[in-house]
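Heads up: the structure comes next, in structure tokens.
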Protein chains: 2
Amino acid sequence: MTKDIEHRLKNKDINLTAMRLLVLDFLTKQVAAISLNDLEKGMGPSDRITLYRTLKTFEEKGLVHSIEDGTGATKYALCEDNCDGDHHHDLHVHFYCNTCKETFCLPNTKIPEISLPKRFQSEEMNLIIKGICDQCHPD
Amino acid sequence: MTKDIEHRLKNKDINLTAMRLLVLDFLTKQVAAISLNDLEKGMGPSDRITLYRTLKTFEEKGLVHSIEDGTGATKYALCEDNCDGDHHHDLHVHFYCNTCKETFCLPNTKIPEISLPKRFQSEEMNLIIKGICDQCHPD
DNA sequence: ATGACGATGCAATGCTATTGCAATGTTAGT
DNA sequence: ACTAACATTGCAATAGCATTGCATCGTCAT
């Protein structure tokens, strides 16, 4: 229901607009992370820059996180609920399928602890695994 | 000595040219991974596209690997010796320092085993850690 | 010497990300 | 409900990196 969508925006301290409701609704329907292009094609006719800024706003407020999967185009996917603007908790692995070219969040596959060399201090981690996803897997 | 540089090119099945000797020589002198821009600035006056293609060639032949560190510009760094064009063995962690904005290879920090969900098959992994490097570390 | 092939340099282009600005919509206070 | 203040939107324009086409040049083997 759109009530639910509205709540999610309000919870993240994002003002309600028609555009934002539509974008969030679209995002919840995705299985894979999407690029700005995907969003533009998937939505009705709408301004690319507005979509871009909507995604940026969502990201700042901790509603979505962005993924650099090496394809050149930034992908976006919904965050888990416990994210906020200051601290993204998206320490899960992202998977890029070389066959279907889709990027997926693997929310249950966390990035393990890494022991860095002396005096290196970690603030953020990003792990992209490329290969073949479950859908494209042969046999 | 340039003899050494020449050998490294020949070993990787790369034809010798003046440009390539210069670029490889420059690369060996770097502590951090460099972008095409860095290379262009660091070398004498030379054509940007040629440098670009030189890096591409090196990458194909397994002499350097490229790193997407999220800054938008692809970085390049020398591979370890056991890489070849078909199989890059750069399964080490890359570290981006938020302070000095440099990207480093951490060749001794390997990416640990990750157990993926059923039927996901890994072919390649890429781990970027962002934070503060040893040089920029306070105290 | 010459012919084939690879490397180089220049021009041009595509694509993504990003900003400026004016118009428009939204919200809060009275 | 009215208005002022502020946020959002849409259009235009730009920046920056990646990439290709093509003509020229160099190099190597016959």
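Within every chain, numbering begins at 1; the chains are lettered A, B, ... in the order of the sequence lines, protein sequences first and strands thereafter.
- With a 6.0 Å radius and a threshold of 12 heavy atoms from other residues, nucleotides or ligands, B:His137 has its NE2 atom above the threshold.
- Computed from coordinates, the A:Met43 CE to D:dG10 C1' distance equals 14 Å when rounded to whole Å.
- A close approach under 4.0 Å does occur between a side-chain nitrogen or oxygen of A:Thr50 and OP1 or OP2 of D:dG10.
- In this entry the distance linking CG of A:Asp38 with C1' of C:dA17 reads 16 Å, nearest Å.
- For DNA chain C, the neighbouring residues in residues 18-26 of chain B, judged by any heavy atom under 4.0 Å, are B:Met19, B:Arg20.
- Distance B:Ile14 CD1 to C:dA7 C1': 13 Å, rounded to the nearest Å.
- In this structure, A:Lys10 atom NZ and C:dT26 atom P are separated by 14 Å, rounded to whole Å.
- One can place NZ of A:Lys61 at 13 Å from C1' of D:dT8, the figure rounded to the nearest angstrom.
- The separation between B:Glu40 atom CD and C:dT8 atom C1' is 15 Å, rounded to whole Å.
- Whole-Å rounding puts the A:Asp47 CG to C:dG25 C1' distance at 15 Å.
- Under 4.0 angstrom from either OP1 or OP2 of C:dT27 there lies no side-chain N or O belonging to A:Asn15.
- Qualifying salt bridge (charged side-chain N to carboxylate O under 4.0 Å, His left out) partners for A:Asp25, counting only residues two or more places apart in sequence or in other chains: A:Lys29.
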Which atom pairs, one a donor and one an acceptor, fall under 3.5 Å between side chains of residues 111-120 of chain B and the rest of the protein, sequence neighbours left out?
none

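- Remark: A:Lys41 pairs with no residue by the salt bridge (charged side-chain N to carboxylate O under 4.0 Å, His left out) rule, at least two apart or across chains.
- Every residue two or more places apart in sequence or in another chain that forms a side chain to side chain contact (heavy atoms under 4.5 Å, CB included) with A:Ile132 is listed here: A:Thr99, A:Cys136, B:Gln121, B:Glu123.
- Not counting sequence neighbours, the partners of A:Asp69 by the salt bridge (charged side-chain N to carboxylate O under 4.0 Å, His left out) test are A:Lys75.
- If you take CG of B:Asp13 and P of C:dG6, they are 12 Å apart, rounded to a whole angstrom.
- With sequence neighbours excluded, the residues that form a side-chain hydrogen bond (donor to acceptor under 3.5 Å, both in side chains) with B:Arg48 are B:Asn37, B:Glu40.
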Exercise. How far apart are the C-alpha atoms of A:Tyr76 and A:Ile67, what are their side-chain angles, what is the distance that settles it, and do they pass the side chain to side chain contact (heavy atoms under 4.5 Å, CB included) test?
Worked result: CA-CA 6 Å; A:Tyr76 298 86; A:Ile67 307 158; over 6 Å; no
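- Looking at residues two or more places apart in sequence or on another chain, you find a side chain to side chain contact (heavy atoms under 4.5 Å, CB included) between B:Asp13 and B:Lys61.
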For this session: Give the B/S/- string for nucleotides 12-30 of chain D, one per nucleotide from 5' to 3', where a protein heavy atom under 4.0 Å of the base yields B, of only the sugar-phosphate yields S, and otherwise -.
Result: B----SSBBB---------
